[in-house]
Amino acid sequence: MEAIEIARRMAELGNAAQACRAYTLAIHENNGADPAQDMEAAVYLLQSGGDYKVSYTCFQRLYNQGCFAEDCLSIMTEAFYTPNVKEQEGRYRRNCKLLNRYPYLFRKDFPAFEDLPIKFYPFDEKSFTPFYLGEGRFGGAVNFTRQVVSRNFFHDLDKPILAREVFSQYELEYLVDNVRKSEDIGRENHIYLHYPDWEVFCSHLQCLNMRPLLGEHKVVFLIGDEISQYPIDFKERFGLDYSRSSVKPLGVRDFKRLIWHTQLSSHNGGDFFNEIFDSHPNLLATPSIILKNIEKNVQIIELALESCRSIRDVEKILPEMDIQLRKELYLLRDRTEKDIFVSIFLNSDEGYRKSLDPAARITPAVFFQPHFHNLYYEIDVDFSDRVTLYSKEYEKIRTSPLFQNFKYIKTFTPMRRPTTSYGATVKFMYDHTFRPEGDTTRIVVPDALLQRLLNRSFMIDWQDRLYMDSVLVRFEDGKLNPKATFTALAAFLDLPYTESMTYCSLKGERDPESLAGNDLGFSTAAIYRTYDEFANDIERYFLEYFMRDVYEYYGYDFKYYDGAPVDEQKVEELIQGFSTIDHYIRDSWQRNVLPTTEVTAEGKEADPEQREGALNIVLENRIAQVNANRLRTAKFLLDSPYFVNKNGQPLHMMPKLELNPALLEQPLYH
């Protein structure tokens, strides 16, 4: 039986739950082929407690297709619009009242609510679907609070900010929160919002909240032809001479946006990107910092401040802190870890704030790469064979107050060809197993190959706030096509592309060696270095096969995988060829673990020959365990598992930064 037949039979039997499941499946199976069947299913779902979103979407689609249009619109209006219209009308009237008194909106002839040309049908708690009365059609769903900054508002700071048709509540508040007051920088600096159509602007007042945008009189609304007034001479028109104001120093609460530079995995070129953003006039830019170290410093200062009873106490306990910062932190109400975090870098004598433009039109963003010695990912399979990813390191970031208390977050992730970054990682790990004489730390090379295989952090949870506004940028693009790459990245991060982004620096020093052995500046050597001593072709074949989706999505050609099918037998053969990584695992164990391993024979200390044999058994058992883990994981991945977030929603590949072809200096790397 087809799903629609099952659904009808279940409905006849009064089994609404089973009927709803079958009708939902029937809509998917039908795929729009039979409008009458879709209409039947949508009506039943809505009337019988099924997923209303399925019905909503179905009615909307049928209406736009001209199928059962009158019935669909009637149902949509009765079920979704009418129950919420009083709330929308109330919001509209409140906004009109606020704007009627606002000095920088020059048009006040607000239409009656009933005459607005757009109706907004609620889809869920956050989203609406506009219905354009004049065109008789539904538009696409809109979430006015979606936490994404969709355009480069701050690309040109020579003039006051001008933006056209901004209808996102999130973006409107973002502008108000991050554009500084004219009085604070000694020049005219209003936010000019241009709306070509007055009635369309008014229609959106049903869904937006104007109150948080108007309090400081930062915004100037320009309707239609009023765009010709941009920028307004406030001295001549309103008698406001901002040039008489002095520049106000930045306070810790002025910093509301964070640019999170993520550590995808080891050796993906993170230092290079830090060096590009160093000295940017609109960034409080820091190099990579171990997360636990900065959290420890924040905690120390927090405890010190809690013990103080006066400003003088703060001066005694934190004598190295700038006097204004000390005072501000002590007097802040509801002081957060984020406030202390910002103050640490504002107070630092290491040059983090030296490049900041004190009279910039916008408040600087905090640029931060929390670092870990290594990133570990685990996979968990539920009863439906859905797979979730878990990383203790990422959980530390996700739950960190340093992140949670920033209102606006942009995220970008550098990626380097996986086999290259893998080889570089093995080299780094092996080099660090050589300890100074007397250091008994038991450092070994882990199974870096398996770690890299399990690290799929390029697959993001689109419902996770930290990744809602994110992009992945290739290390090779930054090296080979720096202008195209960093123009595009600055646009995504909503920064101006500045002269400081045309060279590498660290705390102002040009072309630094950020880590011993790193290539300087825009040297392309790191792109073509293959690390043959630290990764063999079989290991790289294995990585490329199991990361086929990565190579395809992010534009890397295969260099080692030949396109042949891979089954369990092939996997076992490949694992037997992991001689390079196994060599470094064995060597590090023989130097740093086995010499300190206690071995006895029948209650007595083993003789040298017995000891050596026993230690060899220990080492071979370790390698056998490593191989077993590899085989088990590879067999699991052969089945193309379905990766989901904690809510069961599919993970998405992080969007790739797209470059402007006109700015390319060299062909794109593949």
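One is the number of the first residue; the rest follow in order along the sequence. FYI, side chains are in, hydrogens and waters are out, and symmetry mates aren't considered; it's all heavy atoms of this structure.
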| task | Tell me whether the centres of the aromatic rings in Y553 and F458 are closer together than 6.0 Å. | result | no
| message | With a 4.5 Å cut-off on side-chain heavy atoms, are I232 and V220 touching? | response | yes
| field | Pair Y102 and H217, ring centroids less than 6.0 Å apart | value | yes
| Cation-pi, F403 ring and R398 (6.0 angstrom, 45 degrees) | no
| query | Does the ring centre of Y497 sit less than 6.0 Å away from the ring centre of H155? | reply | no
| Going from CG on L480 to CZ on R474, what distance comes out if it is rounded to the nearest 0.5 angstrom? | 9.0 Å
| request: Would you confirm whether the ring centroid of F272 sits within less than 6.0 angstrom of the ring centroid of F522? | output: yes
| Geometric class of the H204/F144 ring pair [parallel <30°, tilted 30-60°, perpendicular >60°] | perpendicular
| query | With a 4.5 Å limit on heavy-atom distance, are the side chains of T425 and R452 in contact? | reply | yes
| task | Kindly determine whether E171 and S150 satisfy side-chain hydrogen bond (donor to acceptor under 3.5 Å, both in side chains), including the steps that lead there. | result | CA-CA 8 Å; E171 290 182 311; S150 64; 2.8 Å; yes
| How about Y390 and Y394: are their ring centres within less than 6.0 Å of each other? | no
| query | How are the rings of F345 and F368 set to each other: parallel, tilted or perpendicular (split at 30° and 60°)? | reply | tilted
| message | Can you classify the ring geometry of Y174 versus F153 as parallel (below 30°), tilted (30 to 60°) or perpendicular (above 60°)? | response | tilted
| request: Please examine the side chains of P160 and I191, heavy atoms only from C-beta on, and report whether any two atoms are closer than 4.5 Å. | output: no
| request: Answer yes or no: is there a side-chain heavy-atom contact under 4.5 Å between M415 and V550? | output: yes
| query | Do Y408 and F255 have their ring centres less than 6.0 Å from each other? | reply | no
| request: Go through N647 and Q463 one step at a time and tell me if the side-chain hydrogen bond (donor to acceptor under 3.5 Å, both in side chains) criterion holds. | output: CA-CA 9 Å; N647 298 320; Q463 294 180 324; 2.9 Å; yes
